[in-house]
Amino acid sequence: MELKDLIRRGPCAWEIPMRGPMKVPAVVYGNEALVREMDDKAREQAVNVACLPGIVRASYVMPDGHWGYGFPIGGVAAFDADQGGVVSAGGVGFDVSCGVRCLHTGLRRGDVLGVQQKLADALFADIPAGLGSQGAIRLNHQEMHDMLVGGAKWAVRKGWGSEADLDRIEEGGQMLHAKPGFVSDLAKTRQRPEMGTLGSGNHYLEVQEVGELHDAAIADAFGLHGGDIVVMIHCGSRGLGHQIGTDYLKRMVEAAPSHGLVLPDRELACAPLRSELGQQYLGAMRAAINCALANRQILTHLVRAVFARVLPQARLPLLYDVSHNTCKQEQHVVDGRRRELFVHRKGATRAFGPGHPDLPAALRAAGQPVLIGGSMGTGSYVLAGTQASEGLAFSSACHGAGRAMSRHQASKNWQGRQVVDELARQGIFVRSPSPRGVAEEAPGAYKDVAAVVDAAEQAGLARKVARLRPLVCVKG
DNA sequence: ATGTGC
């Protein structure tokens with residue numbers, strides 16, 4: 001986007017002022033280079049979001065923002081039900097509750113370097129990955145219902161993980177007010193064989209080494225030290241979330257006239273929070289959040305089983321699990337008044353600051369771990385939420401590097417095999433069922449994650465804690 | 001993201 005069309009509000013904050021039908025301004029976070037590189041479509045989409053009824057304060061774009069379906073990826077928007085606010089299926093995204101989980105291992109770099117290939121092969125053998133991948137678990141009707149209501153709590157009850165895990169998951173591992181009755185039979189049928197699977201696209205499971213520490217005190221509070229080995233899992237609600245997105249998008253488009261909504265873009269389909277359809281979507285979306293939490297919990301169990309065989313001295317407690325595609329009811333202070341808002345984060349990570357009551361006691365003083373999944377070769381980051389983020393973006397930060405080019409372009413620029421070989425030379429062992437998928441996810445197809453998190457920190461959205469370097473990657 | 005789609 002053109003910088004001259006934006007008003008600079010800080011070193012990493014840019015405002016698109018209110019114009020025409022906009023109800024609030026749009027605010028884009030990023031340094032000059034990142035904002036200049038952002039697609040004009042992302043700008044147009046942030047402006048469209050700013051036109052929706054009941055939007056509060058501003059439509060935000062995170063530093064890794066880019067063009068998405070309806071809302072930009074990296075978009076944050078909060079709505080007030082009392083002011084005609086809406087909920088949007090495109091504002092959550094198709095991969096409902098896609099998110100990142102980080103596990104400690106108790107291992108050090110030296111424990112893993114000799115067995116990297118063995119570990120890569122074992123993880124690849126036991127973690128179902130790729131498009132249409134199926135797991136060993138088949139849920140019957142009652143189990144599907146219980147999973148959609150219980151989330152990771154249900155998974156732990158079934159033996160996949162421990163009670164201690166739940167404290168380190170958003171919502172204690174269970175999203176309340178989920179309504180499986182508003183999830184279509186097709187969505188449930190699609191999900192039946194997909195529990196405990198990674199999926200495809202940018203989803204992955206990595207064994208990583210803690211590299212540079214940016215804030216040693218917070219890193220210590222998070223239990224991270226240079227040379228520690230961690231496992232990062234990035235995936236979501238698979239076919240179920242996708243089908244819910246598809247189902248409700250269609251229904252929201254059809255119902256828009258009856259709700260008196262004139263949509264600037266069909267992809268922005270939404271429904272008033274105070275409507276039957278809006279409430280049904282919220283119930284279904286919360287069920288999809290539980291599906292994603294249960295899925296990451298089962299994957300955690302599979303990972304622990306692999307480590308028990310390959311590196312039996314490892315112990316894998318959960319550091320944190322956070323989603324970056326959700327709409328959540330939260331209280332935020334706006335103009336000095338505490339208000340109940342519905343915050344859409346699409347490709348944006350919740351980032352509660354120090355002292356927030358929803359954080360686990362052991363992490364509360366340090367702030368929420370904000371887990372940033374980078375691309376395969378470039379590494380990932382752990383950030384911490386700040387107090388300032390609430391006023392800047394309803395306690396949100398970036399979620400990853402963000403694509404720099406389309407999948408199509410990337411698949412023309414690279415071959416999967418080449419990418420795997422090049423990364424192996426750098427000591428990063430990739431296993432994937434899809435060479436084409438690897439090409440589409442080539443490190444060069446992404447923006448520089450370091451620049452993204454630097455901008456997030458400079459904007460005040462979160463604080464850098466540690467950089468993580470990949471050693472093993474199972475790619476969907 | 002996704003049994004890549006009307």
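Per chain, numbering begins at 1; letters A, B, ... match sequence-line order.
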Output the rounded distance in Å from CZ (A:F94) to C1' (B:dG5).
12 Å
Mind checking if A:E440 touches a base, just sugar-phosphate, or nothing, with heavy atoms under 4.0 Å?
nothing
What is the distance, to the nearest angstrom, from the CD atom on A:Q134 to the C1' atom on B:dT2?
14 Å
Among side-chain atoms of A:Y320 and A:E170, is any donor-acceptor pair under 3.5 angstrom?
no
Between C1' on B:dT2 and CZ on A:R436, what's the gap in Å once rounded to a whole number?
15 Å
Given atom NE2 of A:H203 and atom C1' of B:dT4, what is their separation to the nearest angstrom?
15 Å
Go through the structure and list residues passing ring-ring contact (aromatic ring centres under 6.0 Å, His included) with A:H104, not counting sequence neighbours.
none
Could you check how far NZ of A:K188 sits from C1' of B:dT2, rounded to whole Å?
20 Å
So A:G93, base contact, sugar-phosphate only, or nothing? Heavy-atom distance under 4.0 Å.
nothing
Under a 4.0 Å heavy-atom cut-off, which of residues 284-294 of chain A touch DNA chain B?
none
Given B:dT2, is OP1 or OP2 found less than 4.0 Å from the side-chain N or O atoms of A:S200?
yes
Could you tell me which residues satisfy ring-ring contact (aromatic ring centres under 6.0 Å, His included) with A:F307, sequence neighbours excluded, listed by chain and number?
none
Can you see whether A:Q243 engages A:D247 through a side-chain donor-acceptor pair at a distance of less than 3.5 angstrom?
yes
At under 4.0 Å between heavy atoms, what does A:L186 touch on the DNA or RNA strands: base, sugar-phosphate, or nothing?
base
When rounded to whole Å, the CZ to C1' distance for the pair A:R238 and B:dT2 reads 8 Å
Pairing residues for A:H399 by the ring-ring contact (aromatic ring centres under 6.0 Å, His included) criterion, not counting sequence neighbours
A:H324
Scan residues 122-150 of chain A for pairs that pass ring pair (Phe, Tyr, Trp, His ring centres under 6.0 Å), counting only residues two or more places apart or in two chains.
none
Value in whole Å for how far the C1' atom of B:dT4 lies from CD of A:E441:
14 Å
Could you state the CZ-P distance from A:R407 to B:dT2, rounded to the nearest angstrom?
9 Å
What residues form a ring-ring contact (aromatic ring centres under 6.0 Å, His included) with A:Y69, not counting sequence neighbours?
A:F94
